[in-house]
> 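Pasting in a structure now, in structure tokens, and then I'll have a few things to ask.
Protein chains get the first letters and strands the later ones, always in sequence-line order, with residue 1 at the start of each. Excluded from the calculations below are hydrogen atoms, water molecules and symmetry mates; all remaining heavy atoms, backbone and side chain alike, are included. Model, not experiment: these values are computed from the prediction.
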Amino acid sequence: MTVSLDGRVIRGVDIGNTAFRNKWKALPSTVQDEAFGIIKDLIFRNLDELPRKLHLHPLTGKSVTSALDATKKVTVWSLHITADDRYKASFTYEDGKLYFRTCGRHDVVDKTP
Amino acid sequence: MLATVSLLAGSDMELAMRRFRSVDREIRLGGWLRLWVAHVQLPIIQWGFARSIARNAANMNDAAIWFTGLSKSLMNENADVRPYVDAVVEQIDRVKKNINDNRRAQRQFRERHHRLINNGLLLAMDFDNSASARLFEAFDEFKWTLLELQANHSPRDEGYAASTPEDLAALFERIKSEA
């Protein structure tokens, strides 16, 4: 497999944040399995070229504490970690790594006509 | 300083819990009133119901604005909300579910009793529909603000990084065993 290292390539994943790990442990095991598959597939991918089905986007109006320097504020991103869009996770992208921050249920308003 | 921030966040959270309870009561009241309208088919009841729905919708709009403002202010302060997050998020998820249940019930009511519904009631229901959607989004925004703030203040441990899919699989296996 050839990997292009141009652009915002994801060179690693960090789950050192205890909030993320605690939330992860509370997820149903089927959700954990599916979410793991999605997160694993992010490694070596370009952040700007991820599949649209993941709904990756920066959270507007929210800058969060950097994982590398607690005095800095950085952009936080979110993506859907299950195919049915019921769960999502957030992370920061710093020095080529995804620093996961939290995850949980993502309910949407029922707009059925 | 930390204690002050935590105290301020505490009073905000207490207010938030009170507003959740109040919104939740109004949503459930709407459900009871619908039953009355369906069974007591009098114009005066419809009029009262329309008024009550319109008032609830206005309250939901106010609450949506309030929660959006609170989300922004807590984020700007980088408030340490950790002691409150689990209880508040549980409450948010419950009220969000009630909002969706109420929206579904209202839709079914409109379908089943469309002959009963006059224009005033229809307008009030439309108003209620958009207000509840707005409130739902504000609650969701609030929930994720709290979760992000919790992440901001939670300790980070070294040794939880992976740079290959295989390492990552091992890392998640390790977390499982730590549970």
> Measure the spacing between CG of A/D107 and CG of B/N100 and express it to the nearest 0.5 Å.
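Atom-to-atom, A/D107:CG and B/N100:CG are 7.5 Å apart.
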
> Can you tell me if A/D84 has over 12 outside heavy atoms packed within less than 6.0 Å of its CG?
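Enclosed: over 12 neighbouring heavy atoms sit under 6.0 Å from CG of A/D84.
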
> Side chain, backbone, both or neither: which part of A/A67 has a non-hydrogen atom closer than 4.5 Å to chain B?
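Both backbone and side chain.
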
> Minimum heavy-atom separation for B/A161 to A/K97, with atom names?
CB-NZ, 3.8 Å

> So, do B/R134 and A/V109 sit near enough that their side-chain heavy atoms are less than 4.5 Å apart?
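The answer is no, as the side chains (C-beta and beyond) never meet within the 4.5 Å cut-off.
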
> What is the distance from atom CD of B/Q150 to atom CG of A/N17, rounded to the nearest 0.5 Å?
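That separation rounds to 8.5 Å.
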
> Where on A/S63 is there a heavy atom nearer than 4.5 Å to chain B: the side chain, the backbone, both, or neither?
backbone

> Taking side chain as everything from C-beta outward and backbone as N, CA, C, O, which of these in B/Y160 sits under 4.5 Å from a heavy atom of chain A? Side chain, backbone, both or neither.
both

> Select one option (side chain, backbone, both, neither) describing which atoms of B/D86 are under 4.5 Å from chain A's heavy atoms.
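Just its side chain gets close to chain A.
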
> Determine, for B/D167 against A/K40, whether the closest basic-nitrogen to carboxylate-oxygen distance falls under 4.0 angstrom.
no

> For A/D95, does the CG atom have more than 12 heavy-atom neighbours from other residues, nucleotides or ligands under 6.0 Å away?
no

> So does B/P155 get a backbone contact from the side chain of A/T18, meaning a donor-acceptor N/O pair under 3.5 Å?
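Yes.
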
> Of all heavy-atom pairs between A/F44 and B/P165, which one has the smallest distance, and what is that distance?
CE1-CD, 4.1 Å

> Hey, could you give me the CD1/CG distance between A/I15 and B/L171, rounded to the nearest 0.5 Å?
4.0 Å

> So for A/L59, is it side chain, backbone, both, or neither that comes closer than 4.5 Å to the heavy atoms of chain B?
side chain

> Would you say CZ of A/R86 has more than 12 non-hydrogen atoms from neighbouring residues, nucleotides or ligands within 6.0 angstrom?
no

> Flag this pair as yes if the NZ/CZ of A/K88 is under 6.0 angstrom from the six-membered ring centre of B/W144 and inside a 45 degree cone about the axis; otherwise no.
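Output yes; distance and angle both within limits.
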
> Just verifying a value: how many Å separate A/R101 CZ and B/S154 OG, rounded to the nearest 0.5 Å?
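Rounded to the nearest 0.5 Å, the CZ-OG separation comes to 9.0 Å.
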
> What part of B/E137 is in contact with chain A, defined as an atom under 4.5 angstrom from a non-hydrogen atom: side chain, backbone, both or neither?
side chain

> Say whether A/Q32 and B/K176, considering side chains only, have a donor N or O and an acceptor N or O under 3.5 Å apart.
no

> So, taking the atom named CG in B/L147 and the one named NZ in A/K23, what distance separates them when rounded to the nearest 0.5 Å?
5.5 Å

> Looking at B/T164, B/N152, B/T145, which makes the most heavy-atom pairs under 4.5 Å with chain A?
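Max contact count across the listed options: B/N152.
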
> Select one option (side chain, backbone, both, neither) describing which atoms of B/S71 are under 4.5 Å from chain A's heavy atoms.
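Neither part, no heavy atoms under 4.5 Å.
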
> Given heavy-atom pairs under 4.5 angstrom as the criterion, report whether the side chain, backbone, both or neither of A/V13 touches chain B.
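A/V13 touches chain B through backbone and side-chain heavy atoms alike.
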
> Determine whether more than 12 heavy atoms belonging to other residues, nucleotides or ligands lie under 6.0 Å from atom NZ of A/K53.
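It does not: A/K53 NZ has 12 such atoms or fewer within range.
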
> Can you hop from A/L68 to A/V74 via hydrophobic side chains spaced under 4.5 Å?
no

> Select one option (side chain, backbone, both, neither) describing which atoms of B/N129 are under 4.5 Å from chain A's heavy atoms.
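For B/N129, neither part sits under 4.5 Å from chain A.
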
> Going by the angle between their ring planes, with limits at 30° and 60°, are A/W24 and B/F172 parallel, tilted or perpendicular?
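Correct class here is tilted.
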
> Going by atom types only, do B/E148 and A/S90 share a side-chain donor-acceptor pair under 3.5 Å?
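The answer is yes; a qualifying pair exists.
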
> Would you find a donor on one side and an acceptor on the other, under 3.5 Å apart, between the side chain of B/K143 and the backbone of A/R105?
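A pair under 3.5 Å: yes.
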
> Give, as side chain, backbone, both or neither, the part of B/E141 having an atom under 4.5 angstrom from any heavy atom of chain A.
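Its backbone and side chain both get close to chain A.
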
